[in-house]
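Heads up, the thing below is written out as structure tokens.
Note that the coordinates shown come from a computational prediction; the quantities given were computed from them, not determined experimentally. Each chain gets a letter, A, B and so on, in the order its sequence line appears, and its residues count up from 1.
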Amino acid sequence: MSNVKTASQNPQSQVASNGTKKKRGPWREVWRRMKKNKAAMVGLLIILILILSAIFADVIAPYGYDEQSLVDRLQTPNSKHLLGTDNFGRDIFSRIIYGSRISLQVGFIAVGIAAILGGTLGAIAGYYGGKLDNVIMRCIDILLAIPGILLAIAIVATLGPGLRNVMIAVGIGSIPSYARIVRASVLSLRDQEFIEAARAVGANDFRIITKHIIPNSMAPIIVQATLGVANAILSAAGLSFLGLGIQPPTPEWGAMLSNARHYLRDYPHIATFPGLAIMITIFGLNLLGDGLRDALDPRLKS
Amino acid sequence: MFKNKKLLVLLSMVLVFALFAVGCSQPADDTATPGTDDTNEPADEVTVKEELIVGQGADAVTLDPHSTNDQPSSRVSKQIYETLVAQNENMEIEPSLAESWESIDDTTVEFKLKQGVKFHNGEELKASDVKFTILRALDSSHIGHIVGQIDGEKIEVIDDYTIRLSTKEPFAPLLAHLAHTAMAIMNEKAVTEGGEDYGQNPVGTGPFKFNNWVIGDSIELVKFDEYHGEPAKLKKVTFRNIAENTTRTIELETGGIDIAYDIPPTDVSRVEENSDLVLQRAPSFSTSYIGFNAQKKPYDDVRVRQAINYAIDMASIIEAVYQGVGAPAKGPLGPNVFAGHQGLEEYGFNVEKAKELMADAGYADGFDTTIWTNENQQRMDIAEIVQNQLKAININTEVKVMEWGAYLEGTAAGEHDMFILGWVTVTGDPDYGLYALFHSSQFGTGGNRTFWSNDRVDELLDAARVETDPSKREEYYLEAQEIIRDEAPWVFTWIGENLAGVQKNVKGFTQHPAGHHSLHGVYFE
Amino acid sequence: MHRYIFRRLLLLIPVMMGVTFIIFTMMYFTPGDPARIMLGETAPEADVIRLREELGLDDPFLIQFGRYVKNAVIHQDIGRSYTSNRPVVGEITTRFPATLKLAALGVLVSVAIGIPTGIISATKQYSIFDNVAMVLALIGVSMPNFWQGLMTMLVFSVYLGWFPSSGFSTPMHWVLPAVTIGTASCAIVTRMTRSSMLEVIRQDYIRTARAKGQVESKIINQHALKNALIPVITVVGLQFGYLLGGAILTETIFAIPGVGRLMVEAVLRRDLPIVMGGVLFIAVTFSIVNLCVDILYAFVDPRIKSQYK
């Protein structure tokens with residue numbers, strides 16, 4: 001939200017991001033365009049439902065996420081257990097509801113780590129250029145040269161398993177893309193007039209970067225971040241599938257899926273629902289990401 | 001569609017590159033295709049299949065028995081090599097490369113070798129090969145401990161077919177150790193010539209000889225025509241590496257493999273109900289246990305350890321996790337291990353008793369603890385159920401799934417509270433199944449990861465190790481097991497079972513309790 | 001251009017040095033003793049100590065790292081696997097073709113289906129074809145690929161029996177893994193092609209062409225496609241690299257003896273020489289693929305070519 005303020009306090013930025021003549025904040029303009037995009041609204045709705053279920057998990061879920069009942073194990077969906085039970089007799093619906101907390105947490109924190117570290121590196125590289133740029137980008141190249149999942153596996157092996165370390169591992173793995181995006185947009189902004197103007201009135205580099213450059217390169221970062229959350233959730237699920245990562249009985253969807261694969265053929269519902277949960281979430285994030293991109297880049301709108 | 005030339009060129013480049021990448025890996029695949037050469041056989045002959053494909057969960061590490069001690073490797077090595085003496089499926093010692101043997105004194109045994117035994121490279125087996133093998137084994141950091149009791153300086157070659165082995169002190173389980181797959185007799189010349197790459201060109205005396213290895217994928221063995229015993233009925237045996245349990249079962253069901261080792265409990269009913277398949281069940285030497293760190297509070301109190309034994313409903317765990325495969329364990333040894341005490345009283349599921357004991361120990365309000373496991377599915381499942389059941393006696397447990405390396409290191413250093421681990425008494429001898437786990441000299445890396453010890457148990461285990469009279473040994477071991485049961489350094493969990501899925505037309509396959517099954521007598525119907 | 005390629009290849013050296021250092025450091029500080037893992041929980045400590053000495057594991061970090069770099073640079077020897085004692089190079093080169101083939105098949109699937117679909121979608125924006133294709137593409141990126149792999153295996157191999165469930169030996173064996181690994185990339189390529197095409201179509205020179213009254217198909221093929229595919233090339237190149245590294249899950253599910261699985265096993269066993277060798281191998285391949293992409297880039301876009309001096 002603070003971006004909205006900084007952006008609107010800064011008249012030049014409007015010129016940079018779009019050419020509206022009305023005195024309307026550019027973000028409100030984006031929202032106006034988003035509202036017209038049905039797909040994006042569906043995506044937003046999915047994400048909102050997800051966030052709500054994460055917040056009110058205790059209220060919504062009929063059972064606890066680790067409430068076992070070995071007598072009721074491996075039940076198919078029925079009136080008592082909406083989505084059936086798993087191999088410990090735990091209610092799958094409840095676990096999926098609680099799982100939204102974990103997935104959102106993994107998604108947002110991993111992306112947060114990546115965006116902050118990657119963004120900072122990218123901004124510094126792009127703004128100062130020269131040797132510093134070269135050094136930073138070579139480091140990014142090094143990170144990029146190591147396959148993401150392998151890097152994540154190695155990091156989890158080094159740090160030990162657990163939710164926190166999975167988030168760090170996935171986050172570090174996606175630093176390069178943010179660094180590159182931010183660097184690219186900083187490069188395109190660096191020599192623009194309003195930046196030069198700011199420099200001329202004596203603003204220091206830190207101020208220029210944080211007040212002028214970052215807000216104006218937000219668009220691609222936001223799009224990348226939305227899609228990045230999706231990727232982070234998938235990566236964490238992949239790590240869980242390989243048996244590394246999140247600790248039981250944490251109802252992480254990927255871990256649920258990984259566990260369910262042993263029962264896949266006889267009780268496909270155990271694997272189906274967490275799989276669907278992942279799919280729908282990522283589907284929503286992708287719709288939203290696309291919508292944001294379209295809305296932030298008016299040239300594409302017909 | 002594409003009238004643009006450059007674009008066309010570009011796209012074709014991508015395609016060519018892709019095809020090139022696909023194509024250049026072609027040759028490797030031909031070797032990986034099992035059973036392609038049977039197309040050359042005459043069609044009119046009614047052929048009985050003679051090529052067996054076995055699926056197991058990992059590729060062999062090396063076929064040099066002295067450079068590894070893992071199950072997938074020994075399952076392959078078992079077909080290629082032979083040992084001086086062998087243990088059959090009932091764990092009786094039988095002659096193998098040694099025709100006969102006799103004790104010269106308390107520490108020395110004389111072996112008479114079978115004559116006319118050929119190695120796969122054409123060399124004849126001589127006593128010097130045996131000496132060479134044992135010296136090399138003693139020098140191996142991988143399996144040295146298995147023959148560690150043999151005195152390398154006192155190996156005496158009497159003639160080409162007679163050899164004497166001495167142990168440093170009387171060592172009752174010597175023959176069982178010599179029957180271990182790691183003690184496969186190798187050919188001195190082949191090993192010396194093979195150098196560092198011997199592990200990929202193994203030479204043994206067994207019914208099958210090594211033919212080809214597509215690393216990570218499959219190992220191919222062919223019948224050895226000059227085998228000294230009854231020749232193998234199969235012409236070719238291929239071991240395929242299929243790591244995913246589910247995939248291995250599917251591959252069996254779809255006919256891609258003839259035998260699948262280690263059918264997971266979840267697939268048992270599928271294999272049983274499939275009319276084309278037979279599920280072979282046989283007792284194994286593996287056990288699972290939940291250990292306590294007995295030097296750490298509150299587990300230094302025997303009442304807490306007993307209380308947890310009472311608080312866990314092992315029967316329902318076995319049912320839920322192992323789907324009825326195997327059996328609940330009464331004590332540290334299974335029934336098929338020599339002197340495995342089956343008269344031990346089970347703790348049983350008794351929450352009231354558990355609560356009483358907890359109160360006695362001053363933990364009526366329970367405590368917070370952790371339970372460690374590695375990422376073995378069954379162990380993780382057990383951990384989750386235990387976590388849940390211990391809530392009843394107010395113990396708040398956190399499950400910590402660790403990666404194998406870190407797990408071994410952490411438990412050896414005593415950083416854990418509770419942990420789940422297994423043990424395989426490979427030799428079928430209680431010394432192997434108790435000494436490392438319960439003797440105070442074996443704390444930490446030695447194998448005693450509970451850090452529990454008892455002077456009387458130490459005494460009994462030491463005495464039984466050097467006692468040569470079997471009935472006295474049995475007595476010692478039975479007493480030790482009773483103490484262990486009462487002192488409860490473990491929650492006795494589960495006794496394993498070997499499960500192999502076999503196509504109906506495969507005959508003559510039996511499983512060895514130690515897991516390395518011989519394919520010598522297998523044939524197709 | 002040659003100088004540019006040469007410079008890029010030269011740049012590989014520091015990158016590889018960096019990769020070596022990072023992975024070596026991480027593996028070194030990872031808890032878990034390779035000797036203990038190899039010997040198992042049953043081996044006595046004395047044997048573990050002996051093996052540690054044989055492998056030189058007790059030396060300080062810098063000495064171990066220095067030894068590794070020295071052997072690699074001077075003797076072109078990146079060692080033998082701790083576990084199997086086979087030379088690392090052989091271990092990787094026997095497994096690499098499978099991974100390469102898997103990734104290539106994935107790219108093939110994604111290009112062969114993704115590009116045409118993307119083009120049609122863009123030219124017929126908001127048509128039924130476009131909508132269906134875009135929803136499918138979104139589902140494609142949204143599915144966890146190991147889940148998809150298991151499901152396709154379940155349906156096409158267990159229930160229908162059309163394809164073998166594991167292995168990688170004959171073209172029949174390739175189908176399911178290729179589809180599994182290619183789906184997400186295919187979806188990405190489709191979306192990229194579409195959006196890049198849309199962007200190009202709106203540009204002035206296309207408008208000019210339209211204004212001049214050129215036939216629509218000619219506009220698309222002659223003018224739009226060429227420019228629209230430039231970003232697609234990058235994406236395909238990136239996907240290829242990504243698939244090389246991401247083949248791990250597919251390899252695991254379908255029991256394909258590739259580098260990915262080797263690497264996971266090696267990390268778990270702390271088999272440092274294999275991990276190092278494998279990462280370097282994949283990193284070099286990946287970088288070379290990237291270089292090829294950049295060269296192709298220049299090939300289709302003369303503006304970029306003029307920058308490479």
Side-chain angles (χ1 to χ4, degrees), chain A residues 39 43 134 138-139 141-151 153-160 177 227 230-231 233-235 237-238 240-244 253-254 257-258 260-261 264-265 268 271-272 274-276 278-287 290 293-294 297 299-302, chain C residues 11-12 14-19 21-23 25-27 29-32 125-126 134-135 137-139 141-148 150-151 153-154 158 184 191 195 198-199 202 241-242 244-249 252-253 260 263-264 267-268 270 275 278-280 282-284 286-287 290:
Chain A
N134 234 321
R138 288 298 81 73
C139 292
D141 282 348
I142 291 171
L143 266 187
L144 210 57
I146 307 169
I149 190 148
L150 203 68
L151 186 67
I153 290 170
I155 295 174
V156 170
T158 314
L159 298 177
S177 46
L227 302 174
N231 269 330
I233 293 175
L234 280 180
S235 302
S240 297
F241 183 80
L242 290 172
L244 299 157
W253 295 336
L257 235 171
S258 159
R261 74 183 194 272
L264 186 69
R265 288 185 294 154
T272 309
L276 277 177
I278 298 182
M279 214 175 91
I280 293 172
T281 304
I282 289 166
F283 191 75
L285 285 164
N286 283 330
L287 284 177
D290 284 359
R293 176 168 38 216
D294 290 351
D297 192 349
R299 280 176 308 140
L300 284 181
K301 208 69 201 159
S302 55
Chain C
L11 261 181
L12 263 181
V15 169
M16 289 309 130
M17 290 295 281
V19 170
F21 183 73
I22 288 181
I23 299 294
T25 315
M26 273 171 61
M27 288 301 291
F29 289 105
T30 299
Q125 202 185 3
Y126 303 130
M134 282 307 105
V135 170
L138 260 183
I139 291 177
V141 250
S142 305
M143 265 194 292
N145 95 358
F146 49 92
W147 185 60
Q148 186 207 344
L150 285 173
M151 290 297 186
M153 187 200 289
L154 191 64
V158 180
R191 285 156 53 88
S195 66
L198 285 176
E199 191 159 353
R202 289 201 184 82
Y242 173 77
L244 273 180
I248 293 171
L249 291 167
T252 307
I253 295 167
M263 303 279 281
V264 176
V267 170
L268 297 182
R270 308 284 184 271
V275 176
V279 170
L280 285 176
I282 293 184
V284 169
F286 183 57
S287 306
N290 274 348

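C/Leu150 touches chain A through backbone and side chain together, each having a heavy atom under 4.5 Å away. Contacts between A/Ile155 and chain C at a heavy-atom distance below 4.5 Å involve backbone atoms as well as side-chain atoms. If you measure heavy-atom distances from C/Val267 to chain A, the contacts under 4.5 Å come from the side chain alone. Heavy atoms closer than 4.5 Å to chain A are found in the side chain of C/Leu11, but not in its backbone. Contacts between C/Ile23 and chain A at a heavy-atom distance below 4.5 Å involve the side chain alone, from C-beta outward. Using a 4.5 Å cut-off between heavy atoms, C/Val141 contacts chain A through both its backbone and its side chain. Only the backbone of C/Pro14 comes within contact range of chain A, with heavy atoms under 4.5 Å apart.
Top candidate by heavy-atom pairs under 4.5 Å with chain A, chosen from C/Phe29, C/Phe146, C/Phe286, is C/Phe146. Most heavy-atom pairs under 4.5 Å with chain C: of the set A/Ala157, A/Gly284, A/Gly254, this distinction falls to A/Ala157. No other option in C/Asn145, C/Thr30, C/Ile22, C/Val275 has as many heavy-atom pairs under 4.5 Å with chain A as C/Thr30. Interface check for chain C: of the options A/Asp141, A/Leu234, A/Leu276, the most heavy-atom pairs under 4.5 Å are formed by A/Leu234. For the set A/Leu151, A/Leu257, A/Ile153, A/Ile233, the entry with the most heavy-atom pairs within less than 4.5 Å of chain C is A/Leu257. Counting heavy-atom pairs under 4.5 Å between each of A/Ala271, A/Pro274, A/Ala39 and chain C puts A/Ala271 at the top.
From C/Met17, atom CE reaches atom CZ of A/Arg138 across 15.5 Å, with rounding to the nearest 0.5 Å. Here A/Ile142 contributes atom CD1 and C/Met16 contributes atom CE; the two are 8.5 Å apart, rounded to the nearest 0.5 Å. Atoms CG and CG, from C/Leu138 and A/Leu287 in turn, are 5.0 Å apart once rounded to the nearest 0.5 Å.
Nearest approach of C/Ile139 to A/Phe283, heavy atoms of both residues: CG1-CE1, 3.9 Å. Nearest heavy-atom pair, C/Val19 versus A/Ala145, reported as atom, atom and distance to 0.1 Å: CG2-CB, 4.1 Å. Here the closest non-hydrogen pair linking A/Asn286 and C/Ser142 is ND2-OG, 3.5 Å.
Looking at heavy atoms from C-beta onward, C/Met134 lies out of side-chain contact with A/Asp290 at the 4.5 angstrom threshold. In this structure the side chain of A/Thr272 reaches within 4.5 angstrom of the side chain of C/Met151, judged on heavy atoms. Using a 4.5 Å heavy-atom threshold, the side chains of A/Ile149 and C/Leu249 count as touching.
Partners of C/Ser287 according to the side-chain hydrogen bond (donor to acceptor under 3.5 Å, both in side chains) rule, which considers only residues two or more places apart in sequence or in another chain, do not exist here.
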